[in-house]
Amino acid sequence: MTPPRADAAEDTGLDGVAVELRGITKRFPGTLANDAVDLTVRRGEIHALMGENGAGKSTLMSVLYGMERPDAGTIRIDGRDAHFGSPSDAMAAGLGMVHQSFKLFDSLTVAENVVYAAEPRRFGLVDRAAARRRVRELAEEHGLVVDPDARVGELPVGLRQRVEILKLLHRGARTLILDEPTAVLTPAEADALFAVLKSLAAQGRSVVLVTHKLREVLEGSDHVTVLRDGRVVARLVTAETSADEIAAAMTGRAVELDRIHAPGTPGEVVLDVSGLATDAVHDVELAVRSGEIVGIAGVAGNGQSELVEALAGLRPVTAGRVTLNAQDITHASATERRLKGLAYVPEDRHAVGTAPAASVADNLAMGHHRTSLSSRGLLPPASVREHAKRLIERFGIKAATPDVPATALSGGNLQKLLIGRELAHDAPLLLVEQPTRGVDIGAIQNIHDQLIAYRDAGHAVLLVSAELSEIRGLADRVLVMYEGRVTASYGKDEADERSLGLAMAGSAARAGGISHTADGSPHTNAEATD
Amino acid sequence: MNNRISGALRSPITFSVLAGVLIGALFLVGTGADPITAYGAVLTGSLGADGIGSTLTTGTSVLGMALALAIPLRAGLINLGGDGQMVLGGITAAVTGLYSPLPAPLTVVLALLAGMAAGAAYAVLAALCENHLGVPLLVSSLLLSYPAVSLASYLARYPLKEPGSSLPQTRALPDGVALPAFGASTVTFGLVLVVLAAAAYWFTDRRTRIGYEIRMTGLNARFSAYAGVERRGLTLKLMSVSGALAGLVGAIGVLSFPYRFVDGSLTAPGYTWTGLTAALLAAAAPLGTLIASFFFAVLQVGGLAMERTTEVPRELTQVLQAIVIVFLAARLSFPRRKAKEAV
Amino acid sequence: NAAAKNDASSGSAKSSGKSFTLVTPDAVGQNEFLKLAVTGVKAAAEQHDGSQKVYESTDTASQQQNVQAAVEAKPDVIVLVGFEFADLVAQQAKAHPKQQFLMIDACTTKTYKNVSCAVFREHEGVYLAGAEAGLLSRSGKVGAVDVLDTPQFRRYSDPFAAGAKKVAAKTQTSTRFVGGQSPFDDSARAKEQADSLLSKGYDQLMAAAAAGNYGVFEAAKAKGAFAYGVDVNQCPSAPGTVVDNVIKRTDVAVEKGIDTVLGGKAGTTVSYGLKEGGISLTGLEAGVGSSKCVIADHKDVLKKVEALRDQIVAGKLKVDDPAAS
Amino acid sequence: MFFDSDLLMSALRALTPILLAALGGALCERAGVFNIGLEGMMLMGCFTSVTTSWFTGSAWLGVLAAALAAAAYSLILAVGAVTLRGDAVVLGIAMNLLAVGLTSFLLRTVFGVQGTFDDPSLSGLPLVGGLTPLAYLAWVAVGVAAVMLSRHVWGLRLRGVGEAPDAAATLGVSPARYKYAAVLVSGVLCGLAGAQLALGNVTLFSENMTAGRGWIAVVAVMLGRAAPVGVLLAALLFGLAEAAGFRLQGLGLPQQATDAAPYVVTLGALFLTTARRRRTRPSSGAAV
Ligand SMILES: Nc1ncnc2c1ncn2[C@@H]1O[C@H](COP(=O)(O)OP(=O)(O)OP(=O)(O)O)[C@@H](O)[C@H]1O
Ligand SMILES: Nc1ncnc2c1ncn2[C@@H]1O[C@H](COP(=O)(O)OP(=O)(O)OP(=O)(O)O)[C@@H](O)[C@H]1O
Ligand SMILES: [Mg+2]
Ligand SMILES: [Mg+2]
């Protein structure tokens with residue numbers, strides 16, 4: 001059995017309406033997540049849905065995809081009324097969704113993931129050969145090449161994204177919903193994704209794209225709908241709008257976008273790494289000085305996470321030497337490193353950076369519980385609470401009380417909590433991974449300002465980000481990692497998107513000169529270009 | 001204040017206890033017994049003047065084991081080897097009591113410490129299996145428990161055997177090598193020790209650094225590891241405390257009447273399971289563990305009393321206990337390392 | 001009405017008489033030995049126009065609680081069955097010198113004025129059963145399956161071997177222990193242990209495996225071998241397989257013990273063996289014919305066994321007691 | 001003649017109930033439900049099979065009733081853990097306690113006896129080649145489960161549900177339905193295991209007669225990594241160790257040593273298998 005293909009172009013012209021939502025209202029206890037939202041998606045278009053964290057984008061998509069029932073409102077697909085009780089109803093109506101966090105089975109193969117719940121069968125058994133064939137066919141047809149027999153858990157994120165899209169195509173989805181699909185992709189991967197999306201749209205499929213990234217929206221979409229506090233505040237034609245207009249609609253105020261911050265004034269070497277090797281990392285040399293931000297750019301899966309984990313003491317070092325303020329910490333435990341002056345914002349704020357079920361106060365105490373908050377092994381609850389109140393105030397975290405569980409915070413607020421907690425250590429060295437992933441524009445600015453202020457207070461910051469605009473805006477120097485090695489190094493002014501992109505893709509054009517530029521010599525000629 | 005009362009009334013605990021009591025009453029009516037009489041017998045039998053002593057004695061062991069299992073559970077670690085650790089603690093205390101050259105009071109202290117040390121050492125063995133051999137703690141502790149029980153049984157039957165006794169038991173401890181009892185009752189100083197341990201646990205959990213680290217590990221192990229809490233070290237520490245408490249319960253058992261190690265007498269009443277359920281129900285929270293332990297002790301002692309005074313079999317209280325747990329478990333859910341991860 | 005247990009005690013009709021409380025170490029259930037004790041105490045209550053209660057324990061904690069409760073109720077005699085109670089009785093007898101205790105099947109190490117004891121010489125009966133086995137065995141191999149490796153249970157295996165060797169010197173003997181997580185209930189394990197003997201050619205098995213006896217009988221039946229029961233006539237559970245039983249008249253010991261205590265002769269120990277009629281074999285009792293026991297068809301064997309019994313009763317033959325060290 | 005056919009038969013008998021229960025446990029594990037209530041479910045099976053066989057005179061009806069009763073009993077876990085999102089470990093332990101209490105209570109009320117119910121006229125399962133049909137069924141079940149899990153559509157979906165329930169849900173596969181199915185099938189298998197124990201291994205019911213076999217099944221699930229063939233090997237190892245233990249008693253080893261043997265062997269096997277895994281997949285070094 002082969003699932004039906006999309007033959008959208010045959011019945012209606014490209015101007016037909018694929019999805020029409022009218023008056024969708026969804027209430028959660030205490031929140032009106034969607035308030036009479038209208039949304040029209042035409043056939044063959046890429047429609048961007050934007051809004052700050054908590055604006056109601058994911059909720060709206062959940063309603064459309066049958067995961068949540070709306071309290072009010074109607075859904076029409078291809079002109080017909082639809083009542084979705086579950087995602088399978090939505091799938092049957094030709095919808096398909098790629099969720100913000102991938103919904104894949106790590107231990108299964110690519111082919112198994114693609115055909116899951118729509119399997120080609122022989123005598124009731126899964127026809128594996130047919131499944132493999134199907135994956136290859138689809139991959140060729142849409143330029144989404146991936147090995148059908150690979151275990152998904154072993155694939156890099158970019159390829160997992162492809163598996164997600166293959167899943168939808170296998171089911172013949174005519175409308176694809178993607179929730180923040182590029183949050184974890186590098187620019188090159190994102191560009192490849194948009195190429196695929198555009199070709200799908202050209203075939204007559206529709207794409208609904210939820211994202212925080214203005215650049216993508218401007219380059220890739222046809223229409224933009226902006227949500228704020230659960231209401232539609234703008235419907236724009238992409239060709240006729242600007243980044244500023246969208247941003248203003250989202251936040252309700254004018255915002256400065258993609259600022260390039262003034263360079264810092266580097267001082268002593270704080271972190272010195274020589275010849276470091278660990279899993280998937282080879283012979284890394286780098287130095288970070290006080291008063292500077294060193295950015296590490298790279299396609300996910302090229303050793304950045306492993307490098308940072310090794311520096312944070314969560315992964316054993318197999319060779320090389322690491323010093324922090326001239327003290328050897330190569331084999332120190334995570335705790336020792338923290339006591340010697342290291343703070344760390346990890347990439348995954350839900351699974352690693354916080355304990356979602358614990359209170360905000362307890363989450364804010366982590367790390368501080370060993371130093372300022374405790375004496376002689378005691379940790380008075382009152383001081384934990386006081387500390388939390390101080391940080392909530394200082395970093396503008398929106399939490400009703402310090403006692404609510406961290407799950408009650410929105411993604412952006414949770415990230416503020418995490419960054420605030422680590423900044424509050426006042427540690428000479430801060431490791432930050434993907435500080436603004438999935439965070440809205442307003443929160444991004446807040447976080448960027450905090451990082452710059454931290455640098456200017458004379459601390460060293462090592463920033464890992466897949467967001468080139470972020471790296472370029474914040475970093476005083478940029479290193480590129482490729483296949484576990486630092487393959488290129490740029491000064492603030494040299495780091496344009498094109499050459500960074502090339503280096504991330506493995507072009508070793510500048511690999512020659514790293515050892516000298518990586519040692520932290522300041523690039524005084526950098527200009528502030530706000 | 002009013003809020004708190006109505007909150008407590010609507011809590012799953014109240015609901016579960018009431019549901020259990022109600023279903024139990026249906027059972028009773030079904031077998032032709034009078035629920036009021038039966039439940040009255042449970043209460044007077046366990047809390048009345050004649051029963052409270054037994055309740056406190058049973059409670060000593062239940063609470064001790066509950067604490068032993070709650071402490072690692074707070075960090076998401078399940079120790080299923082309580083039986084083995086308790087029995088080793090008991091037999092070690094017996095050996096110490098029999099052979100110590102010290103005066104009796106010092107021997108008692110030494111026996112308690114030796115029992116705790118033996119339990120701790122054995123629990124650490126299970127922790128090492130997890131840390132270094134990759135055998136999940138749940139399984140390593142469970143499997144290690146059986147050989148320990150067999151070993152103690154062997155020691156009681158052969159080298160330490162009471163000559164001439166038909167019972168597999170060690171010789172009686174010398175005069176005076178015993179925990180002081182309260183008056184003529186069976187309640188010993190062991191109760192004080194266990195309650196002190198509970199208080200220490202409460203204090204550690206609420207007000208200390210390590211307590212905080214343990215709680216955070218239980219809520220998200222990756223989070224605490226990220227912040228530098230060393231998991232293997234913590235596992236070792238928690239298991240040693242857990243084993244020490246289990247060993248203490250064993251030692252208390254041996255240092256109380258009949259002042260010897262009787263094979264099977266420590267494990268037969270099922271303190272380990274009762275304790276584990278109490279700890280699980282309370283999500284390992286100190287106060288909750290204490291209350292749940294007391295509740296189970298009341299049910300156990302009261303059930304026996306009910307059987308003595310009415311025709312109702314004591315299995316009914318066992319059923320009651322299980323029903324309360326089922327109801328509570330179905331409405332309670334708390335974070336723990338997923339079983340899958342443990343495999 | 002299930003909530004009124006002891007009719008005699010709650011009703012006022014017969015309340016003029018004496019009161020007795022029996023405390024058992026385990027649940028009575030299918031434990032024939034304990035069932036007989038209950039029969040004994042009921043008979044005594046009837047005879048003395050009194051009332052009785054039975055407190056069943058399951059473990060040391062409940063034994064302790066039940067004895068405590070019994071003492072607090074102050075009956076005329078507290079009857080305790082089993083060696084588990086030795087320490088407890090010693091403690092309580094000292095604390096309550098007015099309270100009369102009757103211990104069955106065991107005794108305190110020290111003697112107390114208010115503690116009377118009745119003990120059994122099971123080994124004498126087991127010895128005779130062993131002799132039957134020795135005479136009946138075709139393979140020359142007789143074995144035993146005990147609950148646990150304890151002196152008390154060895155009383156059911158060692159004399160069995162001795163008895164068999166007495167009549168057939170070359171007999172091979174072996175003993176297995178059920179063990180495991182619940183040795184008293186695990187009939188499947190008991191059956192496996194029996195099987196391990198049967199597979200080695202053992203064809204006569206003494207079954208002292210508590211509830212596991214049924215497993216032993218099943219195993220023997222399946223292999224066409226024979227088994228020996230304990231305490232009461234177990235032949236009806238596996239007719240054609242169970243040869244004979246070592247009967248232990250606990251009921252008699254309880255009834256007579258209570259009589260003795262009430263008669264003012266407390267503080268004594270009575271030992272019941274073949275001579276006193278406290279221990280016997282089903283085959284040696286009246287009614288063998290209807291007992292469904294295999295031995296009923298072996299009059300010749302019974303003759304020889306009777307001769308051995310007479311020697312023991314007369315004191316000419318002494319059977320070693322494994323529990324006396 | 002230490003390893004003779006009797007030893008093998010003895011091992012096979014010891015293995016059957018454990019294998020059946022462990023297969024059920026493995027299915028649950030694969031579906032993402034940690035089932036440690038196997039012991040209790042088995043005990044319910046024991047009791048129901050004996051009761052039904054006694055009143056109907058048919059051992060096969062007993063087997064059927066045991067499967068149904070244990071499946072019904074397993075609903076406690078399904079409803080509690082899947083629908084109400086309760087803690088599966090607590091529920092499992094409670095189910096084990098409840099089964100002991102309930103069967104003892106019912107034994108008293110139904111048969112008026114305590115401890116053991118046994119009667120020569122209680123009909124047990126027939127033996128074919130020294131083993132009950134259920135023993136053969138257990139081996140067949142291993143094969144069926146292996147094929148279903150690895151090749152069948154249901155197996156694929158079940159594995160997906162166990163690994164990432166929300167991913168399955170987004171594809172229209174109801175995790176709850178698969179988890180329910182796995183738990184109910186484990187109930188059926190435990191019921192069969194109970195029937196095998198009470199009408200096959202022996203022909204009687206006694207309180208707590210499962211005597212820890214359900215726990216061994218839980219360990220077998222872990223040792224066999226929840227794969228049917230792995231579970232079979234684990235159960236076989238345990239059965240052999242136990243049967244050998246019986247024989248070792250004959251060679252004069254103390255009963256305590258032979259009691260401990262199966263557990264020690266299992267622990268050793270766990271060491272070996274995890275050690276091999278550690279070698280083949282070195283250093284997932286991150287503490288997290
Ligand atoms: N299951 C839920 N229960 C209660 N409140 C919810 C639930 N899901 C979402 N909300 C609330 O609804 C509002 C809208 O959330 P939604 O997830 O739609 O935001 P979003 O626009 O997707 O945000 P983000 O950009 O962070 O992804 C938020 O205030 C959120 O807290
Ligand atoms: N069950 C829930 N109860 C309350 N709030 C919820 C619930 N589920 C989700 N939310 C809230 O909905 C909002 C959006 O959820 P979502 O899963 O989209 O995360 P997010 O905010 O986008 O974070 P991230 O981008 O880091 O994943 C968050 O504020 C979250 O706290
Ligand atoms: Mg969202
Ligand atoms: Mg988001």
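Quick note on labels: first sequence line is chain A, next is B, and so on, each numbered from 1.
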#### Entry: Non-hydrogen atoms of D:Gly172 and A:Ser88 that approach each other most closely
CA-OG, 3.5 Å
### Query
Minimum heavy-atom separation for D:Ala167 to A:Phe105, with atom names?
CB-CE2, 3.7 Å
## Note on the structure
Residues at least two apart in sequence or cross-chain that pass side chain to side chain donor-acceptor pair (under 3.5 Å) with A:Asp89, listed by chain then number, are none
### Distance, nearest 0.5 Å, that separates OG1 of D:Thr170 from CZ of A:Phe102
12.5 Å
### Query
Can you say whether A:Arg122 sits under 4.5 Å from chain D via the side chain, the backbone, both, or neither, judging by heavy atoms?
neither
### Query
Sequence neighbours excluded, which residues qualify as ring pair (Phe, Tyr, Trp, His ring centres under 6.0 Å) partners of D:Phe238?
D:Tyr263
### D:Ala168 portion near chain A, given a 4.5 angstrom heavy-atom threshold
both
### Message
Working to the nearest 0.5 angstrom, can you tell me the gap between A:Lys103 NZ and D:Asp166 CG?
### Response
4.0 Å
### Interatomic spacing from CG in D:Leu156 to CG in A:Leu125 - rounded to 0.5 Å
11.5 Å
### Query
Going by residue number, which parts of residues 142-154 of chain D are within reach of chain A, meaning a heavy-atom gap below 4.5 Å?
D:Val147, D:Ser150, D:Arg151, D:His152, D:Val153
#### Entry: A:Lys167 side, atom NZ; D:Leu171 side, atom CG - distance, nearest 0.5 Å
4.5 Å
### Summary
From the list A:Glu306, A:Arg128, A:Glu112, A:His99, the residue making the most non-hydrogen contacts under 4.5 Å with chain D is A:Arg128
### Message
Could you work out, with side chain to side chain donor-acceptor pair (under 3.5 Å) as the rule, every residue matching A:Asp348, not counting sequence neighbours?
### Response
none
## Note on the structure
Checked D:Ser174, D:Ala169, D:Gly160 vs chain A; the most non-hydrogen pairs under 4.5 Å come from D:Gly160
### Query
Of the backbone (N, CA, C, O) and the side chain (C-beta and beyond), which part of A:Ser107 lies under 4.5 Å from a heavy atom of chain D, both, or neither?
both
### Query
Do you know which of A:Asp127, A:Val126, A:Asn113 has the most heavy-atom pairs with chain D at a distance under 4.5 angstrom?
A:Val126
